[in-house]
There are 2 protein chains.
Amino acid sequence: MSNDNGETPPLRDRRRAQTEQEIGEVALTLFEKQGIDGTTVDEIARLAGVSPRTFFRYFATKERAALVQHRDLEDRVESMVATMHPHGSLLPQLEAVWVEVLTAFDNGRSEPGRQLLRVRRLMRTEPTLRTTANSLDAERLEALVARLTRLTGHDDELDARVLVETVGATVRVALDSWAEAHEAGHPVDLLETYQRCRGVMHDAVRAEPVG
Amino acid sequence: MSNDNGETPPLRDRRRAQTEQEIGEVALTLFEKQGIDGTTVDEIARLAGVSPRTFFRYFATKERAALVQHRDLEDRVESMVATMHPHGSLLPQLEAVWVEVLTAFDNGRSEPGRQLLRVRRLMRTEPTLRTTANSLDAERLEALVARLTRLTGHDDELDARVLVETVGATVRVALDSWAEAHEAGHPVDLLETYQRCRGVMHDAVRAEPVG
DNA sequence: AGCCAGTATGGCAGTGGCTGCCAACGCGGC
DNA sequence: GCCGCGTTGGCAGCCACTGCCATACTGGCT
């Protein structure tokens, strides 16, 4: 039975999270070393010390295993959203949330940051991973839209959807350039990159004659 | 040998396009009727009168078969881009291209429009189709970014990428609401929906204090 | 007409992702 | 020590997808 009030989550759950991490780590490492196509689930499972059957109880597809860290990022966004003010304008608040989250990942110097960098790099050469990550992301953003719409009491999701998706797009571009730059050997600051992306979009909109 | 100067494309190619369409149509219809999971490639192939082996010579995955029409949309965007002015500002031109293309699809009243509507509806209930469509889209947009960057002579893709992706996001949202509204029984105008999305984004940016 | 080269097709066998089912197994509460 | 439940492993099977080879077709050339 799950615990809602207690201090630490029950042992079972922590154990589960633990093995999830372990499998994820093994998967990511193997993928980096030999590519996704060159890695079978059996191999990951064997190295992680579980049966293939169990692997699929943790992750629906092999790609998802490499994205454990990425989920962290999205979890943080989700919890940040709780701090938003329901009646302020959405866009600046959303942007602020992302600034907060991206800062937490500290340009790859914190442990989660390093992990994120590994994943985003791998995404650049592995189309199936990119695809999976994007669709995971899309699910999360959709959930966020639903939550924001409920929060603001709007009857229509359109506004929230447009803003969440466009901001999401700038963030994706930022993460991508960030990983690209690191890969190319001239690392850049993640937050700074995001601010540049945001700037490009804002400037372009403002420059446009009102219509 | 392929023909570059000639009137109509060579017979071989037209034939190929023909069977591609046929397989696509069969696939889409089956998917609508029994869902994607409930449909095997063998079944599609049998109904389309080709061998399964041949099916995979036309489409890399079964989902892609249902997206033939969607490719049309993207082709149009690609050819529109040729008309853009290299030194004007990007955002308004991009938006204009999309307005043009979405108008051509005429709110589902033209044949391609009807096809597009079928696909976008199906996407709402079939996650794997949504995923495939999005990644197809992403590929196309990436190609577009490369082209725009070359065209404007910039050495950095960041600007183009941000703008293409954010505009792409608004279009995606528009297509989605459009399909949703049709499904719910209160059809809306596609172009109008897009303009609303664009408006939401522009207004939000303009409302934000300069920073 | 008849031949040649390039290409489209089909069949077959194989890999591997993923699932359902059932049989242990382990752990926490009585 | 026993029970109940959640976790695991093994097995069998489905089906997406691929490589390989044999065959048929097409369009061009003499």
Side-chain angles (χ1 to χ4, degrees), chain A residues 1-3 6-24 26-28 30-31 34-67 126-129 131-132 135-136, chain B residues 1-24 26-28 30-31 34-67 126-129 131-132 135-136:
Chain A
M1 163 153 275
S2 89
N3 144 337
E7 326 228 303
T8 18
L11 189 127
R12 282 257 165 94
D13 294 6
R14 266 182 300 150
R15 228 176 232 288
R16 186 172 178 85
Q18 172 83 13
T19 35
E20 205 175 61
Q21 287 288 330
E22 285 177 16
I23 299 178
V26 170
L28 184 51
L30 282 179
F31 290 166
Q34 21 177 300
I36 293 188
D37 287 348
T39 309
T40 68
V41 169
D42 287 43
E43 198 176 356
I44 303 174
R46 201 171 340 106
L47 258 177
V50 296
S51 75
R53 190 64 190 83
T54 297
F55 175 93
F56 285 111
R57 287 208 182 83
Y58 281 85
F59 303 103
T61 71
K62 62 171 168 171
E63 286 83 6
R64 294 234 173 189
L67 294 171
E126 298 278 2
T128 77
L129 188 60
T131 296
T132 314
S135 87
L136 229 161
Chain B
M1 164 155 268
S2 88
N3 145 338
D4 287 333
N5 49 341
E7 327 226 304
T8 18
L11 190 129
R12 280 252 167 101
D13 293 7
R14 265 181 301 150
R15 230 180 229 290
R16 184 170 180 87
Q18 171 85 11
T19 36
E20 204 175 60
Q21 287 288 330
E22 285 177 15
I23 299 177
V26 170
L28 183 52
L30 281 179
F31 289 166
Q34 23 179 303
I36 293 189
D37 288 348
T39 309
T40 69
V41 169
D42 288 41
E43 198 177 355
I44 304 173
R46 200 168 345 105
L47 257 176
V50 296
S51 75
R53 190 63 189 84
T54 297
F55 175 93
F56 285 111
R57 287 209 182 83
Y58 281 85
F59 303 102
T61 71
K62 61 171 168 173
E63 287 82 6
R64 293 234 174 190
L67 294 172
E126 297 279 2
T128 77
L129 188 61
T131 297
T132 313
S135 86
L136 228 160

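A note on names: the letters A, B, ... follow the listed sequences, proteins ahead of strands, and every chain is numbered from 1.
- The distance from atom CZ of F55(A) to atom C1' of dG16(C) is 13 Å, rounded to the nearest whole Å.
- Applying the salt bridge (charged side-chain N to carboxylate O under 4.0 Å, His left out) definition to pairs two or more places apart or across chains, those involving residues 53-66 of chain A are R64(A)-E139(A).
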Short heteroatom pairs, N/O only, protein and nucleotides 24-27 of chain D, under 3.5 Å:
{"residue": "dT26(D)", "atom": "O4'", "partner": "R12(B)", "partner atom": "NH2", "Å": "3.0"}
{"residue": "dT26(D)", "atom": "O2", "partner": "R12(B)", "partner atom": "NH2", "Å": "3.3"}

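- Taking the side chain to side chain donor-acceptor pair (under 3.5 Å) definition, one finds that T40(B) meets it with nothing, sequence neighbours left out.
- Note: OH (Y58(B)) to P (dT18(D)) measures 16 Å, nearest angstrom.
- As a whole-Å value, the separation of R64(A) CZ from dG17(C) C1' is 15 Å.
- Here T54(B) does not reach the OP1 or OP2 of dT9(C): none of its side-chain N or O atoms lies under 4.0 Å away.
- A distance of 8.0 Å separates OG1 in T61(A) from CG in L67(A), rounded to the nearest 0.5 Å.
- Heavy-atom distances under 4.0 Å link DNA chain C to T39(A), T40(A), V41(A) of residues 38-47 of chain A, given in residue order.
- Residue D37(B) contributes atom CG, which lies 11 Å from atom C1' of dC15(D) at whole-angstrom precision.
- With sequence neighbours excluded, the residues that form a side-chain contact (heavy atoms from CB on, under 4.5 Å) with Q21(B) are V68(B), Q69(B).
- In this structure, the separation between CD1 on I36(B) and CG on L28(B) is 9.5 Å, given to the nearest 0.5 Å.
- What separates CZ of F31(B) from C1' of dA16(D) is a distance of 12 Å, to the nearest Å.
- At least one side-chain heavy atom of I44(A) sits less than 4.5 Å from a side-chain heavy atom of F31(A).
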Identify all pairs in which a protein N or O lies below 3.5 Å from an N or O of nucleotides 19-23 of chain C, and state each distance.
{"residue": "dG20(C)", "atom": "N7", "partner": "R53(A)", "partner atom": "NH2", "Å": "3.0"}
{"residue": "dG20(C)", "atom": "O6", "partner": "R53(A)", "partner atom": "NE", "Å": "2.7"}

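- Between the CG atom of L129(B) and the P atom of dA16(D) there is a distance of 15 Å, given to the nearest Å.
- Residues that satisfy the ring pair (Phe, Tyr, Trp, His ring centres under 6.0 Å) test with Y58(B), not counting sequence neighbours, are absent from this structure.
- Atom C1' of nucleotide dT9(C) and atom CD of E20(B) are separated by 16 Å, given to the nearest angstrom.
- Every residue two or more places apart in sequence or in another chain that forms a salt bridge (Lys or Arg N to Asp or Glu O under 4.0 Å) with E20(B) is listed here: R71(B).
- Here the closest heavy-atom approach between residue S51(A) and residue A45(A) is recorded as C-CB, 3.9 Å.
- Legend: residues meeting side-chain contact (heavy atoms from CB on, under 4.5 Å) with T131(B), ordered by chain and number and at least two apart, are T131(A), S135(A).
- Side-chain contact between V41(B) and F56(B): present, with at least one pair of heavy atoms (C-beta onward) separated by less than 4.5 Å.
- The CD atom of E22(B) sits 11 Å away from the P atom of dT9(C) (whole-angstrom rounding).
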